[in-house]
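Protein chains get the first letters and strands the later ones, always in sequence-line order, with residue 1 at the start of each. This structure is a prediction, so every number in the text was calculated from the model and none was measured.
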There are 2 protein chains.
Amino acid sequence: MNRQRLLCADCKAPCLMKGINDLEAVKKVEEKKTVLVCSKNQKIFHEDMPVNSISFINSGIIKVYKTGINGKNHIIRFSRAGDILGHRGLNTEYYPVSASSIEDSSICLFPKDFFITFLGNHSRIAFKLLMFFSKELENSEIMQFNLAQMNVREKVAETLLYLNTTFGTDKNNRLNITLSRQDFSDYAGTTKEQVSKILSEFQSENLILLDKKDIIINELNELKKIASFGVHLS
Amino acid sequence: MNRQRLLCADCKAPCLMKGINDLEAVKKVEEKKTVLVCSKNQKIFHEDMPVNSISFINSGIIKVYKTGINGKNHIIRFSRAGDILGHRGLNTEYYPVSASSIEDSSICLFPKDFFITFLGNHSRIAFKLLMFFSKELENSEIMQFNLAQMNVREKVAETLLYLNTTFGTDKNNRLNITLSRQDFSDYAGTTKEQVSKILSEFQSENLILLDKKDIIINELNELKKIASFGVHLS
DNA sequence: ACTAAAGTATGATACTTGTCATATTTTAAT
DNA sequence: ATTAAAATATGACAAGTATCATACTTTAGT
């Protein structure tokens with residue numbers, strides 16, 4: 001792991017700290033930072049753990065979820081480079097959700113107290129964060145709507161659209177994220193068997209192509225039609 | 001309507017502007033305020049309307065919802081005196097949700113531009129707002145979880161708990177809010193018929209009592225048990 | 001007080017979805 | 001390369017839920 005890459009000043013991830021021209025401040029931020037490098041399937045934090053830091057993802061993909069019964073979790077979002085992590089710990093002593101890596105990842109941690117003080121001294125960043133929260137809330141409310149009103153086929157189509165928008169595809173329309181059926185269903189709001197069935201269905205309709213663990217999107221517009229009445233995440 | 005009651009300085013609603021000791025600022029806020037008095041079932045704003053103001057509810061109850069198909073909406077929340085309304089318009093040009101009064105209500109509107117400038121000049125209030133958004137996000141994610149994982153009986157129990165916590169009851173345990181079966185189901189994430197059936201079921205189990213449009217909560221603890229595996233809104 | 005309209009309750013039915021069982025494929029370790 | 005373990009696919013079935021039809025109750029307007 002190249003430690004050099006994780007200096008705030010050179011960081012390529014679009015984290016919230018970005019855009020501070022005050023080099024003095026960047027240096028202070030740098031000093032307070034801890035870098036966590038973790039492999040696939042590591043737990044970053046768990047519900048009811050005390051919140052000590054607010055973090056930004058430097059690389060990798062993290063799932064944020066609530067643990068349900070019988071190992072059936074509900075995944076709130078998949079976060080990637082530049083995304084903030086644990087921000088909901090701002091107003092609570094204990095995490096209300098869990099987070100695990102689904103790929104090898106590196107994460108920059110800032111002590112919560114420092115982060116809050118920093119916000120107090122940088123109102124532009126505080127405002128940026130406020131706008132970010134507002135956007136997050138919008139997405140969450142869209143998720144509510146979709147979970148409440150879509151049938152399984154629509155939910156699976158909508159999840160494909162979400163993954164396509166959030167992680168994109170390579171030049172061959174291959175999704176830049178690989179999920180287990182379980183993770184897919186925990187996000188979509190159904191079961192792993194239903195996801196298997198519907199994805200096979202989509203494949204037989206030539207909307208997608210299943211290649212090992214990868215998914216290739218053939219007919220984005222058709223998928224959009226299927227999830228058409230839903231509101232889409234952005 | 002007593003216009004006097006709606007002076008910011010005397011306002012009893014716990015709105016976000018509260019707690020500013022700077023009387024000069026309060027006066028400025030006062031000047032920018034428009035008061036909207038509306039009767040039951042009035043639309044306050046609708047999806048895709050341009051956002052001109054951020055508001056606080058002075059009295060009454062407002063439902064905030066997304067319109068779905070066949071008149072089946074999804075209600076995001078019921079807001080009451082002191083709650084902020086249209087705050088999601090902070091980062092968007094157009095409202096992502098609709099809002100309607102379900103009781104006679106009065107609402108204080110502040111121009112969006114003024115509100116944003118005001119936040120810039122009062123970082124403590126901006127921070128309060130940030131914490132509020134964080135809390136809202138938490139509640140929304142809990143809703144996601146419940147919509148994804150609860151069965152109908154659990155959803156109905158959970159909705160009763162939500163109404164009980166949010167609006168409370170009078171001394172006879174009569175809920176301080178009256179909803180149509182349709183609104184109830186639009187919040188719970190099911191149909192009006194299912195709500196009728198489950199509420200009847202709860203009544204026959206002596207957990208609640210249905211009295212005209214009112215609901216009397218007899219066994220709060222039993223309802224909590226039914227929704228036990230769910231995470232509860234606070 | 002009467003009447004029409006709206007809202008609610010409830011049973012029957014059909015459809016959707018989750019669960020279970022099993023076969024097949026993929027992955028990872030030796 | 002071989003084998004065991006894990007993940008996935010798929011069909012059969014059961015359970016849960018939505019829809020529809022209809023009766024009943026409540027509300028609001030005359």
Worksheet entry | Rounded distance (Å) that lies between atom P of C/dG18 and atom CZ of A/Arg181 | 16 Å

Discussion item. Distance check needed: C/dT8 C1' versus B/Asp214 CG, whole Å only.
Written reply: 15 Å

Worksheet item: For the pair made of CG in A/Asn41 and C1' in D/dA6, what is the distance, rounded to whole Å?
Response: 13 Å

Practice prompt. Grab the CD1-P distance between A/Ile215 and D/dT8 for me, whole Å please.
Written response: 10 Å

Worksheet entry | First of B/Lys40 and A/Gln182 reached from the 5' end of DNA chain D, by closest nucleotide | A/Gln182

Worksheet item: Should the ring pair B/Phe167 and B/Tyr162 be called parallel, tilted or perpendicular, given that the plane angle runs from 0 to 90° and is split at 30 and 60?
Response: perpendicular

Discussion item. Measure NZ/B/Lys72 against P/D/dC20 and give the value in whole Å, please.
Written reply: 13 Å

Discussion item. Below 4.0 angstrom, which residues in residues 193-206 of chain A have at least one non-hydrogen atom near DNA chain C?
Written reply: A/Glu193, A/Gln194, A/Lys197

Worksheet, complete the sentence: Rounding to 0.5 Å, atoms CD1 (B/Ile61) and CZ (B/Arg80) come to a distance of 8.5 Å

Item to complete: Among the candidates C/dT19, C/dT8, D/dA18, find the nucleotide nearest to the side-chain atoms of B/Ser180.
Response: C/dT8

Worksheet item: Can B/Gln194 and B/Ser185 be counted as having a side-chain donor-acceptor contact under 3.5 angstrom?
Response: no

Fill in: Backbone of A/Ile142 reached by a side-chain donor or acceptor of B/Lys66 within 3.5 Å
no

Worksheet item: Among D/dT27, C/dT16, D/dT8, which is the nearest nucleotide to the side chain of A/Lys213?
Response: D/dT8

Item to complete: Give me the ring orientation class for A/Phe110 and A/Phe56: parallel if the planes are under 30° apart, tilted from 30 to 60°, perpendicular past 60°.
Response: perpendicular

Discussion item. Whole angstroms only, please: what is the CD-C1' distance between B/Gln149 and C/dT17?
Written reply: 15 Å

Worksheet item: To the nearest Å, how far apart are B/Leu210 CG and D/dC24 P?
Response: 19 Å

Practice prompt. Applying salt bridge (charged side-chain N to carboxylate O under 4.0 Å, His left out) between B/Lys63 and each of B/Asp83, B/Asp183, B/Asp186, report the one that passes.
Written response: B/Asp183

Worksheet item: Which whole-number value in Å describes the distance from A/Met150 CE to D/dA18 P?
Response: 16 Å

Item to complete: Using the closest heavy atom to pick a nucleotide of DNA chain D for each, name whichever of A/Lys192 or B/Lys212 lands nearer the 5' end.
Response: A/Lys192

Discussion item. Let's see if you can work this out: which of D/dT27, D/dG16, C/dT19 has an atom nearest to the side-chain heavy atoms of B/Asn151?
Written reply: D/dG16

Worksheet item: Looking only at side-chain N and O atoms, does A/Thr190 come under 4.0 Å of OP1 or OP2 in C/dG18?
Response: yes

Discussion item. Run the side chain to side chain contact (heavy atoms under 4.5 Å, CB included) test on A/Arg174 and A/Asp211 for me, step by step, so that the C-alpha distance in whole Å, both residues' side-chain angles and the decisive distance to 0.1 Å come before the verdict.
Written reply: CA-CA 9 Å; A/Arg174 186 181 300 256; A/Asp211 178 20; 3.0 Å; yes

